[in-house]
Amino acid sequence: MPRTLPTTEDLRTRARAALDHVGVTLDDPAGDVLHARTPLTGENLFPVAATTPAAAEEALAAAHQAFLAWRSTPAPQRGELVRRLGELLREHQEDLADLVTIEAGKIRSEALGEVQEMIDICDFAVGLSRQLYGRTIASERPGHRLAETWHPLGVVGVISAFNFPCAVWSWNTAVALACGDTVVWKPSELTPLISLACARLLERAAEDVGAPDGVHRLLIGDRAVGERLVDDPRVALVSATGSTRMGREVGPRVAARFGRSLLELGGNNAAIVTPSADLDLAVRGIVFAAAGTAGQRCTTLRRLIAHRDIADTLVARLTAAYARLPVGDPFDEATLVGPLISSAALDRMQEAVARAQAEGGKVLAGGGRRLADVAPDAAYVEPVVVRVGAQTGVVREETFAPILYVLTYDTLEEAIALHNDVPQGLSSSIFTRDQAEAELFLSAEGSDCGIANVNIGTSGAEIGGAFGGEKETGGGRESGSDAWRAYMRSATNTVNYSGRLALAQNVNFL
Ligand code: UN1
């Protein structure tokens, strides 16, 4: 088990080098600042200038002004900007991954994977820039053509969370730019450095291809800065990723001004394991989904619903795997579980485990704090498995930490009912070798989530599919498939080339 950590000074040097490679210089900020911080040691790295209200206004005005030109730039030409961004992301994959590890605490392969997700969505969006298809519809009238056209929407406000500090931005930004929109981004206050790096690369891409400078703006700051995006009528779409509590505020406020919102909120993702499941595969899938990213993905597996006949065997294998999980320095190649984002997150995890115990749950593995002597302000913790008797109280909530609650079932109908009986609806999976069980789970009577998988865990979706979920998860869809439609407005066109006026529904007039 790794017993050492890099020092905060090492991390400063490494972050500075990465920023330097992408072209960001951190000046000594005057005025309001926020502190870039690293969960690896729990200490501050650098002060970063916060966006002033006047600068936020300038950003919104610039993005709106740029939209007026960008919307009439041919879409394949807009794709060139995204292509250039993708090239720069490839070139700087290591630098960006360093910043992701330093600010979000992800292990190396996951940090590189997050940047890969950005590269992938750029490739997707370049293709999309030649595929913004509308349909032609059969008109009921002779000499008429009925068609659907897709137009750019406006400024897109992107609000993103610490746990995917750059991939979620890229899903929104690459697609929005291809669709002819411009973007104003409010990242998490916890990850300003990676945000500055991404914004700089997009700025460089825009310079290289001659795109308007206002296609993208970054707002660094707290909630008040995010509120500007939520309330400004120039922001046509607010795409917000974060807690259900945040979405409950953002959704109605944007709706009150008839803006659009795309919400990607909390998950409480479950996997059902049936008696026919391949347990080797299930154990590996479950451990990655539940303990990977230190349980801090919105797709993290939080509930395991195991058939009574295999539950004890499965749990024994899981607890053995948990006992071997290397927790520690995410830069160490051997580590699989990095730190939680903050000691507040650790407090919330410990409270949740205590509540589960008070509700009758039994901790079967994990929960111990690690490296507290080396880094008292950091939050390294062993992922936890808790067996619970019923899906009550804390099990119905999303705690953003590596806690896996284990429940048992007797019939698949009962398992599916348990599965769906939580307020959230993001991701889900079933481990089975029985095709009928798999198909039932994927059917209308099965999982009620936006993502439903077979023989693979709940996390780690590819960008090609649409990403998002139902119920308290907010209903939004981002990333691939036809999620692009949320970033455009459609117009229905009726063109009469008959030379005569024929009214629809056979109406006679004049
Ligand atoms: C998130 O946690 O907000 O499917 C996004 C996954 C990743 C994205 C997660 N591709 O786990």
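Order of listing sets the numbers, starting from 1, for every ligand and every atom in it.
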Handout entry: Nearest atoms (heavy-atom pairs only) where R200 meets V22
Key = CG-O, 3.4 Å
Problem - Side-chain heavy atoms of N269 within contact of C449, under 4.5 Å - result: no
Problem - By side chain to side chain donor-acceptor pair (under 3.5 Å) - contacts of D95 (at least two apart) - result: H21, H92
Practice task
Step through the shown structure and confirm whether more than 12 heavy atoms of other residues, nucleotides or ligands are within 6.0 Å of CZ on R257.
Solution key: yes
Problem - Cation over ring face, R14 and F331, 6.0 Å, 45° - result: yes
Completion exercise
Ordered by chain then number, the protein residues lying under 4.0 Å from ligand 1 by heavy atom are E117, N163, F164, W171, E264, R297, C298, T299, S459, G460, A461, F467
Exercise for the section: Find out whether Y409 and V273 are in side-chain contact, i.e. whether some heavy atom of one side chain is under 4.5 Å from a heavy atom of the other. Expected result: no
